[in-house]
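This is a predicted model, so every value here is computed, not measured. Quick note: residue numbers are just sequence positions, from 1.
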Amino acid sequence: MARPVRRDVLRMGALMAGGLPLLGTLPSAAAQADDAAAIVARVRPPRFPDAWFRIDSYGAVGDGTTDCTRAIDAAVRACHAAGGGHVLVPPGRWATGPIHLLSRVDLHVEEGATLLFSTDPADYLPVVLTRWQGVEVYNYSPLIYAYRQRDIAVTGRGVLDAQGDNAHWWFWIGSGQYGWKSGMPNQRADWAALEKMGEDGTPLDQRVFGDGHYLRPSFIQPHSCQNVLIEGVTLRRSPMWNIHPVLCKNVTIRDVSIDSLGPNGDGCDPDSCQDVVIRGTTFATHDDCIAIKSGRDQDGRRVGVPSKNILIEDCVFRSGGGAVAIGSEMSAGVSDVVARRLRIPLDPSLDEASVQWILSVKSTSTRGGYIRDISVSDVSCPAWTYVPFEVTFTYQGGAGGDLYPDVSRLSAKNWSVTGQCDHPIRIRGVETAPVHDVRLTNLRFDQAANQPLVQNTTGVTARRVVVNGTPTAMGTATATTP
């Protein structure tokens, strides 16, 4: 780990010990509220004609075994051809392969209805254009997919069950934790090959995986779409990431429940998207609950579309990695993210309870890009967390390059973290890429094993940061000097 710059440590100590604000360019609370209001004003969920297309009218049978893929596709196409409306999935258990949405179509899954998605990879061919861990590729279709469509939705109070488990999809990660055993196929060689293709600039039409390969698909992926709504449904047991909008504009995700403890089972990953609202959603995941991304390394910089103008509010995080994560695939940049009124409850009934981070800003020395204007406020966390607030440039040991991101203008305000944690705050820039302008206001950590750790930063201010009952001057308490 790089040692801190001595002048930065001394400056931090002076500022924090006195509790003095550093004004500069950090947004005020009023400005952050204005930012949230501006995002809400821009994001308008799509509306649909009052026309209904029942899938059982097109031959679907809700017995849990009859393949309804063609019937659902026929209903989607009929709805689209008629000028739009709602494709209705009534109560029952409906077995299906991939569902491809078209413009002006709302897939409405009624309460009491369950869509059971096939676990046969062959059903998700032919391949489609997607993004896999930040690199563009032709791969298995996501379970629900749309490409270059407008005004699409997945709504209702029903259940979408991908049926992933240690015998289906999950073992492809190559971990015994998820059922993999020696001699079984896994994703390692495919991911290494795809990652190299991204770095080498291999033409996209030569990055064809799918049949005979082992890169798991996302659950719901609108790709290059405008005006997207996902509302009310429950997602279970995804092969990989759950909700993964790519290169989309005007996205609303609200009142969704995500219950998916598989490998890389991120809850919601806006990827090179802008104008996104995630509201009232409950997450129980194994990996990050919300992870905001914009492509990986050279391939992310080639596409060059940042994620920006994202509002997260009134969400509950029952288990996972980061409640709100930025990165690690963020090479085109992430900015203007407002998260507020977040709850991390203590729930011992879960097999895997609580999250590791409230805000996790993570990157590597090969990502480049920027992360700026991130605000997380009004957090209630009685549960255990590992490090509630963290900034790291060595995610998963990522090193070997000199393209560190530019990270600046991070704000945390009004956090009550009453559960146990390790370091309550850990910010580790590097000498050649310090973290700039961090504002920490009214933060309470009741059961921290260690004091905050802050290295290689400029312009950090802390006001009313209390650790184990004691106001903390982070600069002098935790950093070392050459």
Counting only N and O atoms by type, is there a donor-acceptor contact under 3.5 Å from the side chain of [X] to the main-chain atoms of [Y]?
{"X": "D120", "Y": "A122", "value": "yes"}
{"X": "R131", "Y": "V246", "value": "no"}
{"X": "T114", "Y": "L116", "value": "no"}
{"X": "D336", "Y": "K308", "value": "no"}
{"X": "D200", "Y": "T202", "value": "no"}
{"X": "D190", "Y": "L215", "value": "no"}
{"X": "T385", "Y": "V387", "value": "no"}
{"X": "N309", "Y": "D275", "value": "no"}
{"X": "N186", "Y": "W172", "value": "no"}
{"X": "R237", "Y": "L261", "value": "no"}

Paired with H108, the ring pair (Phe, Tyr, Trp, His ring centres under 6.0 Å) test is passed by just one of F48, F53, W52, namely W52
Heavy-atom nearest pair, P98 first then P142, reads CB-O, 4.0 Å
Scanning both residues in full, the closest heavy-atom pair of L311 with A36 reads CD1-CB, 3.9 Å
Value for CD1 (I290) from OG1 (T285), rounded to nearest 0.5 Å, stands at 9.5 Å
When rounded to the nearest 0.5 Å, the distance separating OH of Y370 from CG of D406 is 10.0 Å
Result for side chain to side chain donor-acceptor pair (under 3.5 Å) between S103 and one of H80, R150, Q149 points to Q149
Donor + acceptor pair across side chains of [X], [Y] (<3.5 Å):
{"X": "R216", "Y": "Q187", "value": "yes"}
{"X": "R77", "Y": "Y58", "value": "no"}
{"X": "T282", "Y": "R318", "value": "no"}
{"X": "H86", "Y": "D106", "value": "yes"}

Assess whether atom [atom1] of [X] is packed by more than 12 heavy atoms of other residues, nucleotides or ligands within 6.0 Å.
{"X": "R236", "atom1": "CZ", "result": "no"}
{"X": "E199", "atom1": "CD", "result": "yes"}
{"X": "R301", "atom1": "CZ", "result": "yes"}

Do NZ/NE/NH1/NH2 and the carboxylate oxygens of [X] and [Y] come within less than 4.0 Å?
{"X": "D314", "Y": "R341", "result": "yes"}
{"X": "E136", "Y": "R302", "result": "yes"}
{"X": "D299", "Y": "R207", "result": "yes"}
{"X": "K413", "Y": "D378", "result": "no"}

For W169 together with Y124, are the ring centres under 6.0 Å from each other?
yes
